[in-house]
Undergrad: 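Can you read through this structure? Questions will come right after.
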Amino acid sequence: MKSTNIVLSVAALAALTVSFGFSAVAVTDRPAPAGVNQEPMIQVAQAVDLATLMSEGAKLYAANCSPCHADKGQGGAGPKLAGNDFVKSSGAVITQIFQGNEEHGMPPFADALKDREIAAIATYVRNSWGNTSGIVLPDEVAKTR
Ligand code: HEC
């Protein structure tokens, strides 16, 4: 009985391997339909874990945000972000980055930055300088847009 089971599962595995093999060949051999952007397939392969977003976010924050919020989030022309309860809400941070507040001196970034870049910056400000509010995924940014 036991050996029958093993034989069966080996057969199942072989069948799986074959069907995977076929579908992989089919996907790579088929030319992309006109107008289909293949970039998302590459993005799926990139890690979107906390450490990756933090390191991407650090650079983007330095370039886009630190002139007003300072390199350690201590504030300047804009409010301090270190220990600021505002950053606890991922939705509020995303919306603030999208829209800024031109009346009060913060430019909008919705057109200048991609979903992943905003996710990285939001993740960075929510998890730096003593803030511990968790990751923001590009999907959440895309849904808020
Ligand atoms: C030119 C200056 C400037 C830049 C650049 C800037 N901000 Fe701001 N930011 C401000 C000002 C001023 C405010 C206050 C706006 C208001 O009163 O609503 C603000 C508010 C905020 C707030 C809300 C804080 C609170 O307590 O209300 C967050 C979060 C924030 N900015 C994040 C960012 C991030 C992230 C970036 C970079 C993508 C950025 N800002 C770039 C000036 C700036």
Side-chain angles (χ1 to χ4, degrees), residues 5-6 8-145:
N5 274 345
I6 291 168
L8 275 180
S9 44
V10 167
L13 205 66
L16 258 178
T17 313
V18 167
S19 63
F20 267 120
F22 271 124
S23 61
V25 169
V27 167
T28 46
D29 276 359
R30 200 180 301 143
V36 169
N37 181 358
Q38 295 209 304
E39 204 183 324
M41 291 183 69
I42 296 162
Q43 283 180 354
V44 167
Q46 285 174 347
V48 276
D49 56 23
L50 181 66
T52 308
L53 289 179
M54 285 295 281
S55 78
E56 291 175 7
K59 293 185 201 114
L60 289 161
Y61 177 88
N64 294 286
C65 321
S66 71
C68 296
H69 293 282
D71 60 345
K72 297 205 163 36
Q74 66 269 42
K80 79 176 186 133
L81 301 178
N84 185 339
D85 280 348
F86 187 102
V87 306
K88 289 183 179 167
S89 160
S90 57
V93 174
I94 293 168
T95 303
Q96 183 77 32
I97 298 173
F98 275 161
Q99 300 176 355
N101 186 320
E102 285 184 288
E103 250 174 64
H104 295 158
M106 176 164 161
F109 289 90
D111 294 336
L113 297 171
K114 298 188 184 107
D115 292 345
R116 175 165 181 133
E117 294 171 321
I118 291 177
I121 296 176
T123 296
Y124 181 73
V125 303
R126 281 161 45 83
N127 297 282
S128 298
W129 325 299
N131 297 343
T132 54
S133 297
I135 193 168
V136 176
L137 293 173
D139 257 11
E140 185 181 349
V141 178
K143 281 180 194 133
T144 312
R145 236 185 230 284

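Start at 1 and go down the list; that is how both ligands and their atoms are numbered.
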Undergrad: For residues Pro67 and Ala62, report the shortest heavy-atom separation together with the two atoms involved.
TA: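 Heavy atoms of Pro67 and Ala62 come nearest at CD-O, 4.0 Å.
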Undergrad: Any idea which part of His104 is under 4.0 Å from ligand 1, heavy-atom wise: side chain, backbone, both or neither?
TA: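 Both of them.
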Undergrad: Got an N, O or S from Gln96 under 2.8 Å of atom 8 (Fe) of ligand 1?
TA: no
Undergrad: Give me the ring orientation class for Tyr124 and Trp129: parallel if the planes are under 30° apart, tilted from 30 to 60°, perpendicular past 60°.
TA: perpendicular
Undergrad: Name the closest protein heavy atom to atom 27 (O) of ligand 1, giving the residue it belongs to and the distance to 0.1 Å.
TA: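 Nearest protein contact, heavy atoms only, for atom 27 (O) of ligand 1 is Phe86 CD1, 3.5 Å.
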Undergrad: Applying a heavy-atom cut-off of 4.0 Å, say which part of Cys65 lies close to ligand 1: side chain, backbone, both or neither.
TA: both
Undergrad: May I ask which of Thr95, Asn101, Asp85 has a heavy atom nearer to atom 18 (O) of ligand 1 than the others do?
TA: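 Nearest option to atom 18 (O) of ligand 1, by heavy atoms: Asn101.
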Undergrad: Is it the side chain (CB and beyond), the backbone, both or neither of Val93 that lies under 4.0 Å from ligand 1, heavy atoms counted?
TA: neither
Undergrad: Under 4.0 Å, heavy atoms only, figure out whether ligand 1 is touched by the backbone of Ala122, its side chain, both or neither.
TA: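 Neither; nothing of Ala122 gets under 4.0 Å from ligand 1.
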Undergrad: So do Gln96 and Phe86 actually touch side chain to side chain, heavy atoms under 4.5 Å?
TA: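 SC-SC contact between Phe86 and Gln96 confirmed.
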Undergrad: By number and element, which atoms of ligand 1 are closer than 4.0 Å to a non-hydrogen atom of Gly78?
TA: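 Taking each heavy atom of Gly78 in turn, ligand 1 has 10 (C), 11 (C), 12 (C), 42 (C) under 4.0 Å.
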Undergrad: May I ask which of Ser89, Cys68, Gly100 has a heavy atom nearer to atom 1 (C) of ligand 1 than the others do?
TA: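 Ranked by closest heavy atom to atom 1 (C) of ligand 1, first place is Cys68.
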Undergrad: Mind checking whether Met106 and Cys68 have side chains closer than 4.5 Å, heavy atoms only?
TA: no
Undergrad: Roughly how far, to the nearest 0.5 Å, is CZ of Arg126 from CD1 of Ile94?
TA: 8.0 Å
Undergrad: side-chain contact (heavy atoms from CB on, under 4.5 Å), that's the test. Do Thr52 and Asp49 meet it? Break it down for me.
TA: CA-CA 5 Å; Thr52 308; Asp49 56 23; 2.4 Å; yes
Undergrad: What protein heavy atom is closest to atom 42 (C) of ligand 1, reported as residue, atom name and distance in Å?
TA: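 That would be Met106 CB, 3.5 Å.
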Undergrad: Looking only at heavy atoms, what is the nearest atom pair of Phe98 and Ile118, with distance?
TA: CE2-CD1, 3.5 Å
Undergrad: Should the proximity of Leu60 to ligand 1, defined as any heavy atom under 4.0 Å, be assigned to the side chain, the backbone, both, or neither?
TA: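 Neither part.
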Undergrad: Mind checking whether Glu56 and Thr123 have side chains closer than 4.5 Å, heavy atoms only?
TA: no
Undergrad: Compute the shortest N/O to N/O distance between Asn64 and ligand 1 and return yes if it is under 3.5 Å, no if not.
TA: no
Undergrad: Can you tell me which residue and heavy atom of the protein come closest to atom 14 (C) of ligand 1, and the distance to 0.1 Å?
TA: Pro79 CD, 3.5 Å
Undergrad: Which residue owns the protein heavy atom closest to atom 26 (O) of ligand 1, what's the atom, and how far is it?
TA: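 Residue, atom and distance for the closest contact: Asn84 ND2, 2.9 Å.
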Undergrad: At less than 4.0 angstrom from any non-hydrogen atom of Ile97, what atoms of ligand 1 do you find?
TA: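 Ligand 1 atoms under the 4.0 Å threshold to Ile97: 35 (C).
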Undergrad: Considering only N, O or S atoms, which atom of His69 is nearest to atom 8 (Fe) of ligand 1?
TA: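 In His69, the heteroatom (N, O or S) nearest atom 8 (Fe) of ligand 1 is NE2.
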Undergrad: Decide yes or no for Val125 and Cys65: does some side-chain heavy atom of the first lie under 4.5 Å from some side-chain heavy atom of the second?
TA: no
Undergrad: Under a 4.0 angstrom heavy-atom cut-off, which atoms of ligand 1 come close to Pro107?
TA: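 Counting from 1, the qualifying ligand atoms are 1 (C), 3 (C), 4 (C).
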Undergrad: Kindly compute the distance separating NE2 (His69) from CD (Gln74), expressed to the nearest 0.5 Å.
TA: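 Atom-to-atom, His69:NE2 and Gln74:CD are 11.5 Å apart.
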Undergrad: Would you call Ile121 and Ile97 a side-chain contact if the rule is heavy atoms closer than 4.5 Å?
TA: yes
Undergrad: At a 4.0 Å threshold, what atoms of ligand 1 neighbour a non-hydrogen atom of Ala77?
TA: 12 (C)
